[in-house]
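Reviewing the structure listed below.
Residue numbering restarts at 1 for every chain, and letters A, B, ... go by the order of the sequence lines.
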Amino acid sequence: MRVRDLPLADDLVAHYESAGIVELYPPQAAAVDAGVTRGENVVVAVPTASGKTFIAELAMLTSEGPALYIVPLRALAREKYETFSELPGVEVGISTGDLDSAEELGSYDIVVATAEKVDSAIRSGASWVDDLACVVVDEVHLLGSKGRGPTLEVTIATLGRRAPDVQVVALSATVDNPDEIADWLGAELVRSRWRPVDLRTGVYAEGRVDFDDGSTLAVAVDEDEENADTAATVELVRGAIDDGGQCLAFVRSRREAEALATRLSGEGIGTTDALAEEIREAGQADTGRRLAECVEGGVAFHHAGLRAEHRALVENAFRGRELKCICATPTLAAGVNVPARRVVIRDQKRYTGSGMEWLPVLEVHQMCGRAGRPHLDPYGEAVLVAGDEAGREELRERYVGAEPEAVESQLADREALRTHVLAIVASGFADSQRGVLDLLDATFYAHDRPEESLAGLVESVVADLVEWEMLTAETGENEASEGETEGGTNDGEAEGGNESGGTLAATALGEAVSRQYIAPQTGARIVGGIETMRGMESVTGLTALEVVCDTPDMHGTYLGNRERATMYQYARRHAAELTTDMGATDRFERWLESVKTARILLEWAEGASTEELVDEYRIGPGDLESRVERAQWLLGAAAAVADVVGGDGTAFREVRERLVPDLSDE
DNA sequence: GACGAAAGTGTTTAGACAGCATGTC
DNA sequence: CTAAACACTTTCGTC
């Protein structure tokens, strides 16, 4: 099947042909057969880099009306926005938390947005979603991710409800149960293992890589080396580069990514002084300096402690083949497109808080899938590094020959369900438990489960929201008995028969919480904080920051053992400014972490530089950046909540004003 | 008793979406 | 619960 045979305008055909796309890849042809160009729903489960974007473009370009492309990451949104912008005669808009198109989103042919942004737009009643003709969901397998999967499925379900005739195209990594996703969406499934570049996967142990295609590769590793895995990794990286390729190396922690990069940069791999200069200009913190030094040796490291700008510079330089190697934490596996000839996965376990755990098969496969640059490499190679022969066998069984995990809905998570139940009521999509359940019936969770399994959960979640005064529940028959707080939050305690008939309504607080896009629990914590602040003599910036940092929407900052004592003293010294009685809290550790975060942000607001804070509190510049960003959002939300509950939002507004994003430039 | 090496002990560890209101060559 | 690198401390051996 050729591009010119497709129902596309001449200038589009010319655009593709000039980019070298003439003949369709087999999965693309299969998607056309399945009806992507005829408005049919299609789920595409194929490996990375096998042309999913083109399939999405076909759907969006042939649909009669505007299209929406949903992505999981802001960096990905930008990448897709740029790609689609090159299409002739197509107006593209973008909408993420940090970037928004100037025009009303309804005026574009294609809008690229994060799932959260779409969810938020739906909640605030955006009308453009009703006119959509096509929705593409990139990386649908994220349906199974704990924090963000529920948002994705509720958003998809709601979109389907709002625009029943909309075409849904879902793009997935290869997972175990794409048929279930397809079934849920009423879609045709296109499933394939085809790749434009061959990929062979192997395991290294004791001087030799055994590939799954039967070939082997001898690797000369120095016997005296104290760490055999690292030595092998170094050799594998160097081998790929000597061969004219590029290489990605995945390790477990940030520190190890930096250590490996530093070591490789001394191996005479290449030089990229211009890039090093750009990196120095973009940030002078210690991390940035070390990165620049590595880059002078042709190698970079990449992890979330890096500033977003540094990350983007590294990714672009690698794509431009300026950089030969990136040593990364798993950040890179799911992010923007950075293909390499060889991928080396030195560590396959990760710390999780309760010991080391094997990485999910899906994640390892995604790392492996980065191997093989179309049109540049004759093949791609992925190598897992094992300690010994026993490890080789284990890795082969676990990853090389294994199917990835199935995608499972996470909607039953209490926290997630609270958020979405509140949103459904607050935005007027339902005014009873019955109505909420009706809407949730269209989710992936409900697809192959009896409806009752959600009913009990929804009921108990509604009880939470009523207790927090975000919802009111009026029962039709018996009069609402106020004050009976019913101490236990026990699930499914159906009192007085069928509650589902009652009327649900969002309070002003509930509406504010939903609109500000904060978790109900965060809202409750803020309300509690505002009430305590009323009786306090010294309400300061620290007070406001403590409240906001002590919520589930703000992540804590790691508290070292030695630091703990210092933080404790700090908290005691400032006890009069804090809303929490440290003797009474049952989550002392977690709270002390919040105080640390608040303290860092306060110093930032008072003009401390990135360098000072990174040094003093041992966090990466990227971590600081993301915390400042989140704090701004949460402080704004807290001020809005204060207005609604009749509190004083001044403290929140004042710090927020001083919390400027970045002073360190120039 | 001084010194340094070896063995023991404790610490640390990945990632990153959202609101809102303005200003800019 | 299933780890491993690293920093820091204590112990031990030698002269």
Look at [X] together with [Y] and state whether they make a salt bridge at an N to O cut-off of under 4.0 Å.
{"X": "A:Asp100", "Y": "A:Lys117", "result": "yes"}
{"X": "A:Arg392", "Y": "A:Glu206", "result": "no"}
{"X": "A:Arg74", "Y": "A:Glu629", "result": "yes"}

Q. Distance between the C1' atoms of C:dA3 and B:dA14, in whole angstroms?
A. 16 Å
Identity of whatever pairs with [N] - Watson-Crick or G-U, under 3.5 angstrom:
{"N": "B:dG15", "value": "none"}
{"N": "C:dT10", "value": "B:dA6"}
{"N": "C:dC15", "value": "B:dG1"}
{"N": "B:dT24", "value": "none"}

Q | side chain to side chain contact (heavy atoms under 4.5 Å, CB included) evaluation trace for A:Arg311 with A:His302 | A | CA-CA 6 Å; A:Arg311 270 194 266 176; A:His302 187 286; 3.5 Å; yes
(Q) According to ring-ring contact (aromatic ring centres under 6.0 Å, His included), who are the partners of A:Tyr570, at least two apart in sequence or on a separate chain? (A)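 Only A:His574 meet the ring-ring contact (aromatic ring centres under 6.0 Å, His included) criterion with A:Tyr570.
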Just the rounded figure in Å: distance from [atom2] of [N] to [atom1] of [X].
{"X": "A:Glu258", "N": "C:dC6", "atom1": "CD", "atom2": "P", "result": "12 Å"}
{"X": "A:Met356", "N": "C:dT2", "atom1": "CE", "atom2": "P", "result": "14 Å"}
{"X": "A:Leu260", "N": "C:dA5", "atom1": "CG", "atom2": "P", "result": "13 Å"}
{"X": "A:Asp347", "N": "C:dA4", "atom1": "CG", "atom2": "P", "result": "10 Å"}
{"X": "A:Glu589", "N": "B:dT11", "atom1": "CD", "atom2": "P", "result": "12 Å"}

Q: Have a look at A:Leu465 and tell me which of A:Leu422, A:Thr419, A:Thr507 forms a side chain to side chain contact (heavy atoms under 4.5 Å, CB included) with it.
A: A:Leu422
Q. Once each nucleotide of nucleotides 14-22 of chain B is scored for protein heavy atoms under 4.0 Å, what B/S/- sequence comes out, 5' to 3'?
A. BSBBBBB--
Q. Considering only side-chain heavy atoms of A:Tyr558, which listed nucleotide, B:dT13, C:dT2, B:dT11, is closest?
A. B:dT13
Q: Describe, in one word, how the ring planes of A:Trp591 and A:Phe588 are oriented to each other, choosing from parallel (under 30°), tilted (30 to 60°) and perpendicular (over 60°).
A: tilted
Q: Have a look at A:Arg618 and say if it touches a base, only the backbone sugar-phosphate, or nothing, with a 4.0 Å heavy-atom cut-off.
A: sugar-phosphate
Q) When we call it a touch if two heavy atoms are under 4.0 Å apart, what does A:Gly560 touch: a base, just sugar-phosphate, or nothing? A)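 A:Gly560: backbone/sugar contact only, no base atoms under 4.0 Å.
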